[in-house]
Student: 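I am attaching a structure below and will ask some questions about it afterwards.
Counting convention: from 1, in listed order, for ligands and their atoms alike.
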Amino acid sequence: MSSDTTRKRVCVVGSGGREHALASVLGRSADVVVSPGSPGIPGSVDTDPLEIDADLFVVGPEAPLVDGLADRLRAQEKLVFGPGADGARLEGSKAWMKEVLAKAGVPTAMHGTFTEVEPALAYLDTMPEFYVVKTDGLAAGKGVLVTHDLAEAQDAVRTYLSGEAFGEAGRTVVIEEGLTGPEISILAICDGTKAVALAPAQDFKRIGVGDVGPNTGGMGAYSPVPVATPAVVETIMTGGVQPTLDTLRGMGIDYRGVLYAGVMVTPDGPKMLEYNVRFGDPEAQVVLPRLTTDLVQLLSEAAAGNIETIPEFTTDAMVTVVCAAEGYPMSPVKGPTISGIDRANALGGVEVFCAGTGGSPEQLTVNGGRVLAVTGSGPTLAAARERAFAGVDEISWPGMQYRIDIAEAASVAAAEV
Ligand code: AMP
Ligand code: GLY
């Protein structure tokens with residue numbers, strides 16, 4: 001434990017549930033400010049990060065990273081955890097990410113990149129099973145269509161490329177073969193040269209129970225993940241993340257931040273679906289609280305280019321359930337008053353992270369699509385799941401929606417081992 005005189009000051013940039021989880025876990029050993037944060041996140045300040053004095057900056061979301069915030073902070077000689085705009089392009093352009101994967105020799109789905117409708121439609125016709133159409137640029141997690149319906153895929157190609165569906169982000173599309181298998185998220189902490197894996201997580205992308213309906217930013221997550229055995233994680237690190245980091249380095253990119261590997265464990269082995277350049281949301285809400293090593297130390301080392309700390313985790317499992325606004329993900333209804341957060345937090349083994357909250361700290365209101373992430377912990381996934389849902393049961397507002405099947409299958413599978 002550091003004494004008060006050596007206690008560091010950390011600035012977390014962002015305002016979602018991931019940033020609340022970062023602030024909570026960094027706050028175990030440092031004083032934390034969150035910019036801009038939200039009424040639900042303690043330590044929130046209405047000050048531009050470039051005006052803040054802190055020993056370490058942790059940039060949460062992808063948009064400011066792609067926009068070069070980490071570069072601007074580094075230009076002020078600040079210690080920053082988060083890639084510069086050069087590395088953040090991995091998430092900012094799926095077409096470029098695929099080029100990096102090819103250079104690094106990382107297994108991924110067969111794919112092509114297109115800016116014109118006719119060749120894109122011709123390529124769709126060659127896809128073996130089902131169709132995946134992605135916007136090249138950022139689309140808040142909504143720019144990916146996975147479908148068995150060729151007409152729907154063709155329609156997506158047309159509306160993306162015309163700019164109608166996602167503006168500039170869609171004017172280049174990546175078309176991929178559809179892969180099958182369980183998906184896992186490996187968040188790797190990178191110092192420019194070396195990468196260390198955090199505990200695996202799995203998230204739930206679709207809005208509906210049973211993985212139906214449109215994609216969302218993520219409706220829940222859990223960790224550990226029974227299918228993500230140490231051998232699978234090792235394969236992903238040595239065959240995916242490390243070669244990617246080496247390739248970036250060879251291109252002159254000093255990548256200090258999270259490389260979030262979105263992986264599908266296919267019958268032919270793990271394949272890289274995507275990279276994100278930041279912690280997953282809501283994966284952060286289950287992975288970070290499980291850390292038993294000091295996150296301030298780990299991220300400071302990574303930011304300084306020299307990781308020595310090996311991250312360790314409690315054997316306790318964690319499950320987080322996202323409570324979303326009515327109408328999410330299409331048109332979330334903002335404004336209702338939220339009740340029960342204090343009661344949920346007062347239950348043992350429950351922590352509520354605020355994702356899209358407005359109003360005031362005394363009276364929070366719905367102010368986003370994903371509003372809260374309620375994390376439960378326990379000795380097994382089943383126990384953690386029970387705690388998370390006990391927390392959710394305390395919380396309400398008109399139209400609140402959540403998935404009742406978060407971590408259900410994994411809890412059963414883990415119990416049968
Ligand atoms: P991405 O943003 O690229 O991870 O895509 C979002 C989601 O779409 C992924 O989490 C998968 O569930 C799904 N997806 C992406 N690529 C593929 C693919 N090649 N095959 C099957 N599903 C995919
Ligand atoms: N949970 C998925 C993401 O953070 O992109």
Student: Apply salt bridge (charged side-chain N to carboxylate O under 4.0 Å, His left out) to the pair K78 and D55, showing each step before the final yes or no.
Tutor: CA-CA 7 Å; K78 300 282 177 44; D55 301 299; over 6 Å; no
Student: N/O to N/O below 3.5 Å, does that happen between D281 and ligand 2?
Tutor: yes
Student: Ring of Y260, cation from R278 - is the NZ or CZ under 6.0 Å from the centre and inside 45° of the axis?
Tutor: yes
Student: Could you tell me whether D211 and R403 have a side-chain N and a carboxylate O separated by less than 4.0 Å?
Tutor: yes
Student: Please confirm whether K271 comes under 4.0 Å of ligand 1, counting heavy atoms of the residue only.
Tutor: no
Student: Please report the shortest heavy-atom distance between R28 and P289, naming the atom on each side.
Tutor: NH2-O, 3.0 Å
Student: Which ligand 1 atoms are under 4.0 Å away from a heavy-atom of K205?
Tutor: 10 (O)
Student: Would you mind listing which atoms of ligand 2 come within a distance below 4.0 Å of any non-hydrogen atom of N276?
Tutor: 5 (O)
Student: Quick check: does any side chain N or O of D136 sit under 3.5 Å from a backbone N or O of A169, one acting as donor and the other as acceptor?
Tutor: no
Student: Going by the order shown, which atoms of ligand 1 are within less than 4.0 Å of some heavy atom of G178?
Tutor: 20 (N)
Student: Salt bridge or not between D203 and K205? Use side-chain N to carboxylate O under 4.0 Å.
Tutor: yes
Student: Does ligand 2 have an atom that lies less than 4.0 angstrom from a heavy atom of F279?
Tutor: no
Student: Which ligand 1 atoms, with their elements, are less than 4.0 angstrom from a heavy-atom of E177?
Tutor: 18 (C), 19 (N), 20 (N)
Student: So is H111 touching ligand 1 or not, going by heavy atoms under 4.0 Å?
Tutor: no
Student: Any salt bridge between D31 and K8, counting N to O under 4.0 Å?
Tutor: no
Student: Which one of E183, R278, Q285 has a non-hydrogen atom at the shortest distance from atom 5 (O) of ligand 2?
Tutor: R278
Student: Side chain, backbone, both or neither: which part of K134 has a heavy atom under 4.0 Å from ligand 1?
Tutor: side chain
Student: Which ligand 1 atoms does A109 reach within 4.0 Å, using its non-hydrogen atoms?
Tutor: 19 (N)
Student: Which ligand 2 atoms, with their elements, are less than 4.0 angstrom from a heavy-atom of G217?
Tutor: 1 (N), 2 (C)
Student: Under a plain distance cut-off of 3.5 Å, with no hydrogens placed, do T293 and T309 share a side-chain donor-acceptor pair?
Tutor: no
Student: Looking just at side-chain N and O atoms, do S185 and E283 make a donor-acceptor pair shorter than 3.5 Å?
Tutor: yes
Student: If we only consider heavy atoms of G262, is any one of them less than 4.0 Å away from an atom in ligand 1?
Tutor: no
Student: Can you list the atoms of ligand 2 that are under 4.0 Å from a heavy atom of G280?
Tutor: 4 (O)
Student: Does ligand 2 have any atom sitting under 4.0 Å from a heavy atom of P282?
Tutor: yes
Student: Can you sort out which atoms of ligand 2 are near E283, meaning under 4.0 Å from one of its heavy atoms?
Tutor: 1 (N), 2 (C), 4 (O)
Student: Any Lys/Arg nitrogen of E176 or K98 sitting under 4.0 Å from an Asp/Glu carboxylate oxygen of the other?
Tutor: yes
Student: Look only at interatomic distance and state if D203 has a nitrogen or oxygen under 3.5 Å from any nitrogen or oxygen of ligand 2.
Tutor: yes
Student: With the side chain counted from C-beta on, respond yes when L248 and L90 share a heavy-atom pair under 4.5 Å apart, and no when they do not.
Tutor: yes
Student: Does an N or O anywhere in L179 fall below 3.5 Å from an N or O of ligand 1?
Tutor: yes
